[in-house]
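Heads up, the thing below is written out as structure tokens.
Chain letters run A, B, ... following the sequence lines, proteins first and then strands; every chain starts at 1.
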There are 2 protein chains.
Amino acid sequence: MNYKILLVDDENDILEFLSYNLEKEGFIVSTAINGKLAIQLAKKFKPDLIILDVMMPEMDGINTCTEIRKIPELENILILFLTARSEEYSELAGFDAGADDYVTKPIKPKLLISRINALLKRNKISEKVNNMLIGDIQIDKEKHLVLYKNEEIHLARKEFNLLYFLMSVPGKVFTREDIITEIWKDTFVGDRTIDVHIRKIREKTNNHHIKTVKGVGYKFDI
Amino acid sequence: MNYKILLVDDENDILEFLSYNLEKEGFIVSTAINGKLAIQLAKKFKPDLIILDVMMPEMDGINTCTEIRKIPELENILILFLTARSEEYSELAGFDAGADDYVTKPIKPKLLISRINALLKRNKISEKVNNMLIGDIQIDKEKHLVLYKNEEIHLARKEFNLLYFLMSVPGKVFTREDIITEIWKDTFVGDRTIDVHIRKIREKTNNHHIKTVKGVGYKFDI
DNA sequence: AGTATACTTAACAATTCATTAACATAGAGG
DNA sequence: CCTCTATGTTAATGAATTGTTAAGTATACT
């Protein structure tokens, strides 16, 4: 999974420098030049982690952090501070404001990334559970479990992933290309492979639910 | 609860200075003047956190840290490094060696305590319940005890940790990668090692409970 | 040091899964 | 109603994954 990071700093140079380094590591980066914009952006971008410079004009990092913690949808986002070496006070105040960690300037990319990964790893517990109940089919990704009319049915890995994918947007028709991209990534498989997997799922769910849209693809229907 | 801290530094002045400040905060402090003594003491004292000076003669902080992480009963203890300002390398190497945080010298007691509390707080969240009763299996981490149908069964350490890990989220499928990360950290083990441990557990619990999800991993099921 | 216990690995067996080929069927459009 | 194409079905193959055993290493204990 690619984590999203929101960078907040009033200096463009730093934003660019950090963006470059973080993107190189596979993070999806968004940036803001002040606290207010950061909060607005955070609501839409829904980052996993916010990196805040402590020293910023108008609303400084600490105030921004305090504000973020007040917003219900953002209160659990990880926050990491960037502080200047001498700002002893900031470090303390930062933790009080709800920071999860801080890194001192000058920033060493490797160290920063090490810290970010440590934070994200610790936070992983809060990952979502993906559980869906649609009609008489219930699917639980974490438990790799499918219930059909409250009876457990066994699906092999590919079958499971395929059903899960189709159920992710019930009623939407997914083309064969969509399916191949999602389930097979860039492995090449023959023409009938999908059909066979579809057939196996249908067999196990009494031929309900999965419908063929000829010339287009397949969809999951209630 | 009063947390226990093991202080490790070769300079007596620092030990005294920090002891004083930490005890004032209610921590129970023990000290060691080198890495070897630290490890011996840690086994008996069972601290919640070890504070290690990076720069020490003979075995430095990083080596001590690496050694500590190798000892099963100590591998989960929090470790905080003390580094001189300029030791950029130490910071990186320290995280690699398994440190949880670091503080630069000169040490400001307030900041150190703030960091310690942050670490302990973070760690508390991830603390697991020590005693679980699921179906006919009861497991107690502290006592390292497993009851199957009310009969005590003996599991070796790896077996115990593996069962405990799987039981921590019943029904959830853990990938082999998950399992290796949790049980073996970054030791490399062969493909069949997990299977063998699983087999041993199954043998001792009559083949119930642990299910294989082929291509995905293993799960604990009632 | 010597013994017991635990851990890991190699070698092989067993199982399950994914894919394909070959053929069958369905349905749209002429 | 015929043809063409897309999809359905079945069974076989072999690839991938996991299970099992026994023996070799490592570690802990006395």
Side-chain angles (χ1 to χ4, degrees), chain A residues 144 146 153-166 173-180 182-219 221, chain B residues 39-40 43-44 67-75 144 146 153-166 173-180 182-221:
Chain A
H144 206 276
V146 183
I153 55 174
H154 174 79
L155 297 190
R157 182 176 42 174
K158 282 263 149 69
E159 291 157 34
F160 184 92
N161 291 341
L162 180 48
L163 176 61
Y164 185 80
F165 180 52
L166 294 177
V173 182
F174 293 95
T175 66
R176 283 159 178 275
E177 205 192 316
D178 290 340
I179 292 170
I180 287 179
E182 173 73 17
I183 311 288
W184 279 270
K185 316 286 172 190
D186 31 33
T187 325
F188 291 98
V189 288
D191 263 3
R192 302 270 65 69
T193 305
I194 294 176
D195 309 46
V196 174
H197 285 289
I198 291 282
R199 200 203 157 275
K200 295 233 183 85
I201 299 170
R202 281 174 167 159
E203 196 171 68
K204 290 167 184 173
T205 60
N206 270 339
N207 271 26
H208 295 309
H209 301 298
I210 294 181
K211 294 195 177 143
T212 304
V213 181
K214 199 162 175 170
V216 188
Y218 295 97
K219 67 173 169 177
D221 250 4
Chain B
I39 290 171
Q40 281 175 32
K43 287 182 188 171
K44 291 179 187 169
E67 288 308 309
I68 287 170
R69 289 297 186 223
K70 281 184 193 161
I71 300 166
E73 54 187 302
L74 302 179
E75 67 189 356
H144 204 276
V146 183
I153 55 175
H154 173 77
L155 298 190
R157 179 156 46 215
K158 282 262 148 65
E159 290 159 34
F160 184 92
N161 291 340
L162 180 49
L163 176 61
Y164 186 78
F165 180 51
L166 294 177
V173 181
F174 294 94
T175 66
R176 294 171 113 76
E177 205 192 316
D178 289 340
I179 292 170
I180 287 179
E182 173 73 18
I183 311 288
W184 279 270
K185 315 286 171 190
D186 33 34
T187 323
F188 291 98
V189 287
D191 264 2
R192 302 270 65 69
T193 305
I194 294 176
D195 308 45
V196 173
H197 285 286
I198 290 282
R199 197 196 160 280
K200 296 239 180 78
I201 299 170
R202 280 174 168 159
E203 199 171 66
K204 290 167 185 173
T205 60
N206 269 338
N207 271 26
H208 295 308
H209 301 298
I210 294 181
K211 291 193 180 147
T212 304
V213 180
K214 201 163 178 178
V216 186
Y218 294 98
K219 66 175 166 179
F220 179 91
D221 247 4

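In the set C/dA6, D/dT18, D/dT21, the nucleotide with an atom closest to the side chain of B/Arg192 is D/dT18. Each of C/dT19, D/dT20, C/dT8 was ranked by its minimum atom distance to the side chain of B/Lys158; first place goes to C/dT8. Considering only side-chain atoms of A/Val196, the nucleotide from C/dC7, D/dA11, C/dC17 that sits closest is D/dA11. Picking from C/dT20, D/dG19, C/dT8 the nucleotide with the shortest atom distance to the side chain of B/Thr193 gives C/dT8. For A/Asp195, the side-chain atoms get nearest to D/dT9 when compared with the rest of C/dA18, D/dT9, C/dC7. Among the nucleotides D/dA11, C/dA18, C/dC7, the one closest to any side-chain atom of B/Lys200 is C/dC7.
The side chain of B/Trp184 contributes no N or O atom lying less than 4.0 Å from OP1 or OP2 of C/dC7. Phosphate contact (OP1/OP2 of C/dT19, side-chain N/O of A/His197, threshold under 4.0 Å): present. Proximity of B/Arg176 to the phosphate of D/dT18: a side-chain N or O atom is located under 4.0 Å from OP1 or OP2.
Judged by atom type and distance alone, B/Lys214 reaches the base of C/dT16 through a side-chain donor-acceptor pair under 3.5 Å.
A/His209 places a side-chain N or O within donor-acceptor distance of the main-chain N or O of A/Asp221, the cut-off being under 3.5 Å. Without hydrogens or angle criteria, A/Arg176 side chain to A/Gly217 main chain gives no donor-acceptor distance under 3.5 Å.
Of the candidates B/Ile201, B/Ile179, B/Val213, B/Ile179 is the only one forming a side chain to side chain contact (heavy atoms under 4.5 Å, CB included) with B/Tyr218.
Residue B/Thr212 is classed as a sugar-phosphate contact, given heavy-atom separations below 4.0 Å to backbone atoms only. At a threshold of 4.0 angstrom between heavy atoms, the contacts of A/Tyr218 are confined to the sugar-phosphate backbone, with no base atom among them.
In this structure, the ring of A/Phe165 has its center less than 6.0 angstrom from the ring center of A/Phe174.
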